[in-house]
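FYI, the numbering just counts along the sequence from 1. Both ligands and their constituent atoms are indexed starting at 1 by order of listing.
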Amino acid sequence: MPTTPTAPETGPEPTDTRPTSTSTHDQAPPSADAAPSAGAAAADVAAPAGAVRSADAAAGEGVPGAAGEVLPGVPTAAAELARVAAGRAAEALAGPAPVRLDDVVPAPEQVFPDPAGDFTLSADAALRVSPAGRDVAEQLADWLRPATGFPLPVADAPAGQDGPLTLTLSPSAPDAAPGTRATDDGSGGSVGDGLGDEGYRLDVAATGVRITAATSAGLFHGAQTLRQLLPAAIENRTPVAARWAVPGGTIVDRPRFPYRGAMLDVARHFFAVEDVLRMVDHLARYKLNHLHLHLTDDQGWRIAVDSWPRLTEVGGATAVGGGPGGWYSGDDYRRIVTYAARRHVTVVPEIDLPGHTNAALVAYPELAPGKVAPPPYTGTEVGFSYVDPEDERTYAFVADVVGEVAALTPGPWLHLGGDEAFKVPAESYRAFVERAQRLVQATGKTVVGWHQLAPAGHVDGRVLQWWGTNGDDPETADAVRRGARLILSPANHAYLDMKYAPDTPIGHDWAGLIDVRRAYEWDPGTHVRGVPAEAVLGVEAPLWTESVSTRAEVEYMLFPRLPAVAELGWSPRATHDWSRFRVRLAGHGPRWTTAGITFHTAPDIPWPSTPSSIPTPRPHPEDSPSRS
Ligand code: TNX
């Protein structure tokens, strides 16, 4: 019996609102050489207020007052000794770190486990960071503080002085692990090329953890890897007793493709800023670096355009099923792009043209071919609406809209849509797209569009997003020969609005059912005939939201398929292995449960235990106004 979906209470990770830790050297830990051996330190330092320490329970507390009474909460010397001893005993009895170095998703390029090098994070650990990497260190500390209860101050690291946790930004970051030689499997760069724009190296030894990268994006990805290597309990939002062990060894890692993304359709159903920020966090965990926002469609216009205010005032007030809709002000949108940028995620705004424009036509009938406002549309059909390609006012509109959206957008891309304009004759469509592409180019942005743009002339840097279900697509291959690059979103593998199975309560099946294996089992480098891997910019998993209206439903469709697509975008082809992926992925279930992330307990994944607290979305009538 499906249960009513409930969105988790938690919003996006609250890193932006936390006070940052102070940067004083007196808070810094001893240098690497003098670092306490893993384990001993954990028991030697009092836990901060609120922390739950397993040793506390064993040791007992209380000190005699002047009248001989015991003052609760103040440790006696004997109790303190017992506590230290209990801590050391626990360390001695503990087995290897519960997470293995090669459990990471997406699979790293190179993994060199060293079982003798397990590290345990202790209460007195500080993060040392080269100044340019400071923001990443602050974010890492923000992820680790709630569950550990440790203060984890962040301090500048003078060169060569490592601490228990050291983040180093260095343009000449070493990439090869000791004792390895350069290899090249043709799909992920070779060791010896440097760590590049997003690569990192993670070294875990008993004395400390070091992340090295040439860029802060690389450092951030390394920090996400470290987060995954800690026990799942690290996802708790309040302190818990745990041994914060990290498996020893070295990871050297770089992405296969530069563009790795997901799309959220905020037009069919509107999603609040907080929901979008939370999705950014989900992407960042799995090293996805682009969030494509489908901002406009027949059912709603969701981004304020000052020069055409009725787009949101009128066009933003509807949604599939007749709900209240909604839209982002310039400030809302700025909040999203800023939050995303801090997490090394680039927002790709989409203004879908010339079709999928009913909401705009309701607001401005002069854009409609017949100059008559259509009724607002709250159904789920596609392909019936379009702006008049023969009217000059349409191009003034396009120029204003793309100009304002480009000005609000820090990233390099602007997505023009272009899909399913079924009622526009081919020649008019092509002429419209060619003018619209030039208007985008004039804003300084690079054109992205659905692959229907293919027949139009090439403009510099143009990127097509391919969503076909049959990899034999001569028009797209021809556009690639004329210079286009491709983002791959094959609807029968990467569309996250497709059902997992016939009984999935929400979603579609027009492109087939997509279980986790189907989401994982394809190769972006060879998927479209006649398109070489060098022309593939990357992958993207779109989530259309005709049937999805709450945050919990978004997560249910994303997890666990999003990490599968992330692995296709990040990991070298040589690491691709379904039988191993499903086991690695299974370990993430407890993390999502602990973090309050809703997910589908897909039967093709050997979850460690079936979480009972995860609600299953119910099928909902299209007029469901529910919103998280
Ligand atoms: C096709 S694929 C669409 C969307 C729908 C989606 C539903 C593409 C570019 N357009 O308008 O929402 O199918 O699965």
Visitor: For atom 1 (C) of ligand 1, what is the closest protein heavy atom, and at what distance to 0.1 Å?
Guide: Glu420 OE2, 3.4 Å
Visitor: Give a yes or no on whether the ring-centroid distance for Trp607 and Phe599 is below 6.0 angstrom.
Guide: yes
Visitor: Verify the ring-centre separation between Phe422 and Phe384: is it less than 6.0 angstrom?
Guide: no
Visitor: With heavy atoms of Glu546 as the reference, note each atom of ligand 1 found under 4.0 Å away.
Guide: 5 (C), 7 (C), 12 (O)
Visitor: May I ask you to check whether Tyr328 and Phe270 place their ring centers less than 6.0 Å from one another?
Guide: yes
Visitor: Would you call Asp388-Arg393 a salt bridge at under 4.0 Å N-O?
Guide: no
Visitor: At less than 4.0 angstrom from any non-hydrogen atom of His356, what atoms of ligand 1 do you find?
Guide: 11 (O)
Visitor: Centres of the Tyr520 and His576 rings: under 6.0 Å?
Guide: yes
Visitor: Run the salt-bridge test on Asp604 and Arg582 with the 4.0 Å N-O cut-off and return the result as yes or no.
Guide: no
Visitor: Answer with yes or no whether Arg268 contacts ligand 1, where contact means a heavy atom under 4.0 Å from a ligand atom.
Guide: yes
Visitor: Short N/O distance, under 3.5 Å, between Trp510 and ligand 1?
Guide: yes
Visitor: So, regarding Tyr495 and ligand 1 (criterion: nitrogen or oxygen to nitrogen or oxygen, under 3.5 Å), is there a contact or not?
Guide: no
Visitor: Quick test of your reading of the model: are Arg517 and Asp515 salt-bridged, counting only N-O distances below 4.0 Å?
Guide: no
Visitor: Would Met498 count as a contact residue for ligand 1, given that I'm defining contact as a non-hydrogen atom of the residue lying under 4.0 Å from a ligand atom?
Guide: yes
Visitor: With nothing but distance in play, are any N or O atoms of Asp497 less than 3.5 Å from an N or O of ligand 1?
Guide: yes
Visitor: Is there at least one pair of N or O atoms, one from Asp419 and one from ligand 1, spaced under 3.5 Å apart?
Guide: yes
